[in-house]
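Notes follow once the structure below has been shown.
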Number of protein chains: 4
Amino acid sequence: MPKDTFFNLPKEKQERIIEAAIDEFSTHPFHQARVTAIAEQAGIAVGSFYQYFEDKMDLYKYLMELLVEKKISYINRDMIENRDKYDFFQLLREAYLSGFRFAKENPRLLPIGMMLTNDKELYQKIYGEHENKGADFFLQLLEYGKAQGAVDPAIDLRIAAKLLTGMSFSLTDFIYEDGKLDLDDMAIIDQMLYFVENGLKKK
Amino acid sequence: MPKDTFFNLPKEKQERIIEAAIDEFSTHPFHQARVTAIAEQAGIAVGSFYQYFEDKMDLYKYLMELLVEKKISYINRDMIENRDKYDFFQLLREAYLSGFRFAKENPRLLPIGMMLTNDKELYQKIYGEHENKGADFFLQLLEYGKAQGAVDPAIDLRIAAKLLTGMSFSLTDFIYEDGKLDLDDMAIIDQMLYFVENGLKKK
Amino acid sequence: MPKDTFFNLPKEKQERIIEAAIDEFSTHPFHQARVTAIAEQAGIAVGSFYQYFEDKMDLYKYLMELLVEKKISYINRDMIENRDKYDFFQLLREAYLSGFRFAKENPRLLPIGMMLTNDKELYQKIYGEHENKGADFFLQLLEYGKAQGAVDPAIDLRIAAKLLTGMSFSLTDFIYEDGKLDLDDMAIIDQMLYFVENGLKKK
Amino acid sequence: MPKDTFFNLPKEKQERIIEAAIDEFSTHPFHQARVTAIAEQAGIAVGSFYQYFEDKMDLYKYLMELLVEKKISYINRDMIENRDKYDFFQLLREAYLSGFRFAKENPRLLPIGMMLTNDKELYQKIYGEHENKGADFFLQLLEYGKAQGAVDPAIDLRIAAKLLTGMSFSLTDFIYEDGKLDLDDMAIIDQMLYFVENGLKKK
DNA sequence: GATGAATGAGGTTTCATTCAT
DNA sequence: AATGAATGAAACCTCATTCAT
């Protein structure tokens, strides 16, 4: 957690630092990211960096929090609070849609999360033994869908959850290649859903 | 490309070095991986390392080649050479199956590829502007399937290709969590195919 | 020398600062002692510190002065002013006794002096080429004792002075190990004197 | 403990490094001593330093070992092995004499030991909870002397041990002020012994 | 006068790569 | 060809001191 000195900073400066950090961490794996580069980019002295943060990891963890927080903010609040009003495929569509929108509007945040996902050692330092959250989320959703009778009971939900997770990662790839595909966002989602619905729907 | 000196080495020594490299690169991101550790583990002098390879990157690139080569070796040769004898879903099943087997039997190779995928800077240094190979492979397969009439024409193949790629990544996750799932390998693949077939099949 | 601003401070605050400084300097060698730690402990801002003192050294020198002043305050005033009324061994006993009492009641001050003694570079910065004060003191005392006829003339006073100094350092060690020795303070001093008297007395 | 690489070095180079280390550690407290300065002085690259030693502390500990070893080498071997042939005051004289000679011939080593003695924190890191060896040595000697009937039974040995220790420290002071005193070494020792004998001897 | 953020020199340590044998 | 010591450029982090309010 950043020190108070950081939070006492004018918002503008805080942002400059966070922006610089995102720049650095989105283009370099954690150990390759340089504190000096962040400080330079943010226009502060290295010494100042260490008055705001315990160390490099401290800033990194904070960034992760911001990232999660931001990602959550993209989810339709009503769908979370009144889940029962929606059917399984609506919820799934919303899940993908929010993930997609988040990725689209925060493209630089993606690689950060990705790199973390792939550096097991680092991941443990930050989250300890936490299970993979992503798959858990889809698993719950699928269980809900099965209970609702929307999901084909012949399907093993644990496997399906993994697949949905994998596909959601694929989605973000479209962000990187923005423009190469002559479809608008909704069309992409629709296509995905079309595929998924057929794959999962009770027959 | 390794120097001739490397290829002149007794096979056994070459292997020791490659094994050591895999050990190191599968547990550390490229920049975190230490030449010294590899040399030590392989039982050679650091100086020797530089007589075999231009530098760390040289070995790394070579490893990637080996990895691809090995991965290809898992594919059923007959299916490649006599593609026409097989229908789309058979080919897809084979693709997943070979990927799954490869991952299962070479678990240490997975993280290496993963890490590379996520370090864009590194990726470019190695493959330049190359497209994503994985998606390309599935795209071709899907086009074949469409021509065959097996794939629903309403589906955008580029998107489907991405999804299949994403799902194939998910598959490898099962390797990491080996044992947690009370299904044998075939059952996992079957489940996946069941899902995918329904998703893609022409109705 | 501290700035006027320091002396204008309310006594209570001055003391808080001095206490904090003693805490820090008694537990860390000069260069290891941190200005920030002192300020924090004293409950003042670092900036304030530099309004009271030129720099870290300034405070340190001042501390040394206080230390000497305090040490002197432990000496029986009458013995200094009317030295002639006392014989050599009475004076010596008083010297040790006062040193002992001082050490006993100001245990934290001891290590500060010790560390200074051993950091020649620092010592010079503070006292320049000054002779060792301690030995000088005992030398004078011994000369007085010799003139009085109390001290064995066969003894080289310069050497004896050094020895008495060394022994007085030993005394302070008892402070650190308070309780380990089942003798009260007076008994310790008596033992020392018994030893010293026999060593020095004219036969 | 230094790495093998250090011991594989030509003796001449090892010595250059040790000399440089002594230079630096004898003029600066541990934390103030700079690895860079040692490397420079020894004419090696900083990187090399770290191929010879784990870190700064590693070299420092090694230096302490050398110091102790060297100090021990000054003691008359016969007196250790055939203690019974010598009486208490002969042994004491030898103890002081060897300490004196050692100090005289290795003046730069003294401050290193001194500084260590006064940096409790450092001392513990190196020796753990070890008691003060110096006092122990004299205590044993005194017990021997008492058993022999050479030492006045009225004297508390624990106190006497401390005093002898303190005096031995004083001895080394003469080294620093070499030349200021118009006595040869033996005379100094004789004076000390004269003093001590009278102080301790059974009456 | 009081505050505490800002600064940057400087210290330790790591490691890819070169060099000398 | 093989070795492993030598090198030095960074990287992280600390902290005395200055500065702006």
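Letters A, B, ... mirror the listed sequences (proteins, then strands); counts begin at 1. This structure is a prediction, so every number in the text was calculated from the model and none was measured. All values below come from the heavy atoms of this structure, side chains included, with hydrogens, waters and symmetry mates left out.
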Enumerate the protein-to-nucleotides 17-21 of chain E contacts in which both atoms are nitrogen or oxygen and the separation is below 3.5 Å.
from, atom 1, to, atom 2, distance (Å)
dT17(E), OP2, Y50(B), OH, 2.8
dT17(E), OP2, K56(B), N, 3.3

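A distance of 6.0 Å separates CG of L116(B) from OH of Y127(B), quoted to the nearest 0.5 Å. In this structure, CD1 on I112(C) lies 11.5 Å from OG1 on T117(C), to the nearest 0.5 angstrom. With rounding to the nearest 0.5 Å, the separation of CE in M115(C) from CD in Q32(C) is 10.0 Å.
Each of I44(C) and Q32(B) was matched to the nucleotide of DNA chain E holding its nearest heavy atom; the match closer to the 5' end belongs to I44(C). Nearer to the 5' terminus of DNA chain E, by closest-nucleotide assignment, is the contact made by A45(C) (compared with the other of A37(B) and A45(C)).
Distances shorter than 4.0 Å separate some side-chain N or O of S48(D) from OP1 or OP2 on dT7(F).
Every residue was checked against the ring-ring contact (aromatic ring centres under 6.0 Å, His included) condition with Y50(A), not counting sequence neighbours, and none meets it. Partners of P2(B) according to the side-chain contact (heavy atoms from CB on, under 4.5 Å) rule, which considers only residues two or more places apart in sequence or in another chain, are F6(B), F7(B), F53(B), D58(B), Y62(B).
Distance CZ (F30(A)) to P (dC12(F)): 9 Å, rounded to an integer number of Å. Between D58(C) atom CG and dA16(F) atom P there is a gap of 15 Å when expressed in whole angstrom units. One interatomic measurement links the two molecules: CD of E40(C) to P of dC15(F), which rounds to 11 Å at whole-angstrom precision. Across the protein-nucleic acid pair, H31(B) atom NE2 and dA9(F) atom C1' stand 16 Å apart, rounded to whole Å. When rounded to the nearest whole Å, the span between CZ of R34(B) and P of dA16(E) equals 7 Å. Atom CZ of F53(B) and atom C1' of dA16(E) are 15 Å apart (whole Å). Separating the NE2 atom of H28(C) from the C1' atom of dA16(F) is a distance of 16 Å, rounded to the nearest angstrom.
Looking at heavy atoms from C-beta onward, L122(A) lies in side-chain contact with M57(A) at the 4.5 angstrom threshold. At least one side-chain heavy atom of L59(D) sits under 4.5 Å from a side-chain heavy atom of I38(D).
Nucleic acid contact for Y52(B): sugar-phosphate only, since backbone atoms but no base atoms lie under 4.0 Å from a heavy atom of the residue. Within the nucleic acid shown, A33(D) comes within 4.0 Å of sugar-phosphate atoms alone, with no base atom in reach, counting heavy atoms only.
Under the salt bridge (charged side-chain N to carboxylate O under 4.0 Å, His left out) criterion, the residue pairs touching residues 21-38 of chain A are D23(A)-R108(A), with sequence neighbours excluded.
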Let's go through I44(B) and K13(B) carefully: what are the C-alpha distance in whole Å and the side-chain angles of both, what is the deciding distance for side chain to side chain contact (heavy atoms under 4.5 Å, CB included) to 0.1 Å, and is it a yes or a no?
CA-CA 9 Å; I44(B) 63 171; K13(B) 197 169 193 174; 3.8 Å; yes
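With a 6.0 Å cutoff to the six-membered ring centre and a 45° limit on the axis angle, K3(A) does not count as a cation-pi contact of Y52(A).
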Under a 3.5 Å cutoff on both atom distances, Watson-Crick or G-U, what's the dot-bracket for DNA chain F ([ ] crossing, | other strand)?
.||||||||||||||||||||
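Across all their heavy atoms, Q14(A) and N8(A) have their closest contact at NE2-N, 4.4 Å.
In the region residues 4-27 of chain D, proximity to DNA chain E at under 4.0 angstrom, judged on heavy atoms, holds for none of the residues.
Salt-bridge annotation for E12(B) and R16(B): present, with a side-chain N of the basic residue lying under 4.0 Å from a carboxylate O of the acidic one.
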